[in-house]
Amino acid sequence: MTDVIIAGIGQTDVGEHWGIGLRDLAYAAVKDAIADSGGLQPQALFVGNMLAPNLSNQAHLGVLLADHCGMRGIEAVTVEAAGASGGAALRQGYLAVKSGLVDVALVVGVEKFTDQVGGGVDAAMATTSDSDFEAVQGLTASGQAALLMRRYMHEYGVPADGFAGFALTAHANGVGNPKAMFRKAIRVEAYAQAEMVSAPVNLFDAAPNADGAAAVVLTRSDLLPNGYPHALVKIAASAVSTDTLALHDRHDPLGFWAARESVEMARHRAGVTLDEIDFFEYHDAYSIYAALSLEAAGFAPRGEGWKLAAQGAIARGGRIPCATMGGLKARGFPGGATGLYQAVEAALQLRGQAGACQVSEARLGLIQSLGGPASTAVTHLLEKL
Amino acid sequence: MTNNTLLKPSRPVGIVGYGAYVPRYRIPAKEIARVWAGGKASGLPVKEKAVPGLDEDVITMSIEAARNAMARAQIAPSQLRAIWVGSESHPYAVKPTSTVVGEAIGAVPHIQAGDWEFACKAGTEAMVAAMGFVGSGMAEYAMAIGMDTAQGKPGDALEYTAAAGGAAFVIGPAENSLAVINASYSYVTDTPDFWRREYQRYPEHGVRFTGEPAYFNHITSSAKTLMQELGLTAKDYTWAVFHQPNTKFPQRAAQMLGFTPEQIAPGLLVPLIGNTYSGASIIGLTAILDIARPGDRILLASFGSGAGSDAFDIVVTEKILERAGLATRTQEYIARRTEIDYATYARFRDKITMK
Amino acid sequence: MEIPRHWRLKKQRYALVGEVCPHCDYKIFPPRDVCPNCGDEAKTLYTFSGRGEVFSYTTIYEAPTGFDSMAPYTVALIKLEEGPMVTAQLTDLGDQPVEIGMPVEMVTRKMRNDGDERGVIVYGYKFRRRV
């Protein structure tokens, strides 16, 4: 079978780019990714984006970005799956190259949260839930996470600061990532005093919405340019699973079924056991999602995912390092670009280019992009060849 | 007995089901006095008044009262042939309250629906119309509701009392009634004691002019005429309930008509919930029905500014015993109480200017 | 304005009208036409009792556009006594604490304006502590 190689990577700083628009943000990541690949010329562009039609009044991003990035004429479409848009776009690129129909695919994730300010952003985010039966009740994305977190704490007897470890680890790792939104470690006292966003989710349980763009160039190993300078990183497996859109339709809301299924499928396709995985870039949009994702992936039994954070098992050097470059919490949550940031960061780890964030001898990375409360789960396994 | 003074339907009618609603928030009169009257503690017209929550209005409150009335009536929603809602605080200037209520209780589409306005007697006006609708044989059942979220201008005398609440009644044939309505009589003149002009948020009133020429003249005239024409006196009644804009007015009206304090006690809710305007007299009636025994005779007299009064002669039947307990009782709503301060009240009642 | 959408959903919103599966008697809310239990078509209307209990809840401090005037407000997952779960605001909380397992009942309340105060008022189900 053909190996799909992540030949080039690019990413912008994550943060509030008041002066940079959607298209320019995307171009910055695309330019870097193509340069990093040694100048490969894509035949297809897949854009991961969550809310541009809402936040920027801009749909049709495929052609917008192909045109703007100097690739007029190529195949170009947008892939949307809420917070999993980036992961879902990556999968489309993977399928295109894997099938042999496309030699070089460019995948870019981009999000411009700061085109709007105020409650409009929360309202836009809420459109990713069931508009008729969740958002109409005033439920927000943070609110969904809070419903799960409250129930989880109730069922498993988690103390009030039981989730602090997720934010602490993420912020500690973000210090070493020059692209991260937050590069400052926090202390558990700060967590305990943080203001509530949607009780019991506090400011440190929620990843910050941010602008950002990240891109990868995918190709087959035989098409790599001569003198390609990087260690080869391949996509060893790709899997998507979906759950119910609305939380209330789930028989087992704390099960994160789609997150579980997609990891199992990915591991099965790559023939990989849990023990072989060197790090896990989970979708910690909320600390409860991190806990549930760890359990769904199999790294912790049900009800004990939070303990991995409390016990330091997710820190660099721990049993399963997570959010190695800050995760969504400290690097920031750039919507539909998030899944591409995860791919770029995992590639850096596997190439040995992660600097202060480097997980030693990393060979196999698991990345997971979630839409909503794991309503969509996209999982990729990345492997150093 | 036949005469042309009383309104009596061709076929006997009565109350088949009834339901009350009072929102849970209360602001004490002394809290309003703290803000507007230097904290004076004597001479306040009520102890406290009921305030609707942020998500309540005449539509939502009417829906709840209507559901209670239907629970007691034990009829199918499709058997209703009218839903009439009387209020002076309909949420829309143009768009009926009654269609939303009808939709919510499943009574649409084969039904009359309309909103009524006659200051505080819009609800009893709808009851009289329902008596005629059922009594003529055109309809088997009709629902009449009186409900308000009354507006009181900040600092005005009426702010102490302008409250939220009301009641719904299913009017139907006497043989299926928990209380038979023998007759009604209305007394109406053009008397401008209280009004609200188009586009104005708060009503105006004639201060002491609201008393003698308005409230007392109309309410005693209607009650007196009804009793005279029926050959009855106050002593023939077990209970009486009058429109209650404050504590004193209904007490004095009762006295003028020969009723004792005991006869009006169970229906005198104004000290605890305030003046619920279109709901004020009829929520007193629901409180009485909650405790009534078969055979009890009740006088109901509403008053609406502008002005008029509807008086009803009502006799409770055996069916009260099985139906009174089928929905939340008036006093249970009153007991469900959360006290709020003036600032919260100002927010709940949209009295803080946002733009 | 989203008048058609809100209008279309009025029965569900005002009175918790869902569906019952004619094949396996499974009660469905929100309505979805394909029974999640047996997979057959389910279009028979069924009005829920409106009674249930709190499965989880949260108080939302940062409200999205359209809900700002209500904030902070509490949203819950309610386990209906007929089986399904529903997302809904809790109302009339007063000063009493909410608890998981608290028995609640459905009421019909104002949800929001469609647009601003000139738009139609959207009414729908909320739940409160049982009276």
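Proteins get letters first, then strands, A, B, ... in listed order; numbering begins at 1 in each. Computed over heavy atoms, backbone and side chain alike; hydrogens, waters and symmetry mates excluded.
Nearest heavy-atom pair across B/Ala104 and C/Ala15 is O-CB, 3.6 Å. Taking all atoms of both residues into account, the shortest heavy-atom contact from B/Thr60 to C/Thr108 is CB-O, 3.2 Å.
With a threshold of 4.5 angstrom between heavy atoms, C/Val120 approaches chain B through its backbone and through its side chain. Only the side chain of B/Arg67 has a heavy atom closer than 4.5 Å to any heavy atom of chain C. Of the atoms belonging to B/Thr338, it is side-chain heavy atoms, and not backbone ones, that fall under 4.5 Å from chain C. Neither the backbone nor the side chain of C/Leu16 comes within contact range of chain B; no heavy atom of the residue lies under 4.5 Å from a heavy atom of that chain. In this structure, chain C has no heavy atom under 4.5 Å from any part of B/Phe348. Neither the backbone nor the side chain of C/Gln89 comes within less than 4.5 Å of any heavy atom of chain B.
The 12-atom threshold is not exceeded at CZ of B/Arg81, counting heavy atoms of other residues, nucleotides or ligands nearer than 6.0 Å. Heavy-atom neighbours of C/Arg118 CZ from other residues, nucleotides or ligands within 6.0 Å: at or below the threshold of 12. For NZ of C/Lys27, the number of neighbouring non-hydrogen atoms (other residues, nucleotides, ligands) closer than 6.0 Å is greater than 12. The local environment of NZ in B/Lys95 is crowded, with over 12 non-hydrogen atoms from other residues, nucleotides or ligands closer than 6.0 Å.
Residue with the most contacts toward chain B among C/Val131, C/Asp95, C/Ile121: C/Ile121 (heavy-atom pairs, distance under 4.5 Å). For the set B/Arg336, B/Arg337, B/Glu332, the entry with the most heavy-atom pairs within less than 4.5 Å of chain C is B/Arg336.
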After noting the C-alpha distance and the side-chain angles of C/Asp92 and B/Glu56, does the key distance pass the side chain to side chain contact (heavy atoms under 4.5 Å, CB included) rule? CA-CA 10 Å; C/Asp92 285 4; B/Glu56 297 191 276; 4.3 Å; yes

Residue pair B/Arg347, C/Ser69: steps toward the side-chain hydrogen bond (donor to acceptor under 3.5 Å, both in side chains) verdict: CA-CA 9 Å; B/Arg347 182 183 175 192; C/Ser69 65; over 6 Å; no

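By the 4.0 Å N-to-carboxylate-O rule, B/Asp55 lies close enough to C/Arg109 to be salt-bridged with it. Checked for salt-bridge contact, B/Glu64 and C/Arg128 meet the test: a charged N lies under 4.0 Å from a carboxylate O.
For the atom pair OG1 (B/Thr328) and CZ (C/Arg130), the distance works out to 12.0 Å, reported to the nearest 0.5 Å. To the nearest 0.5 Å, atom CD of residue B/Glu103 and atom OH of residue C/Tyr123 are 13.5 Å apart.
Inter-residue side-chain proximity for C/Tyr14 and B/Ile63 is flagged as unmet; no heavy-atom pair is nearer than 4.5 Å.
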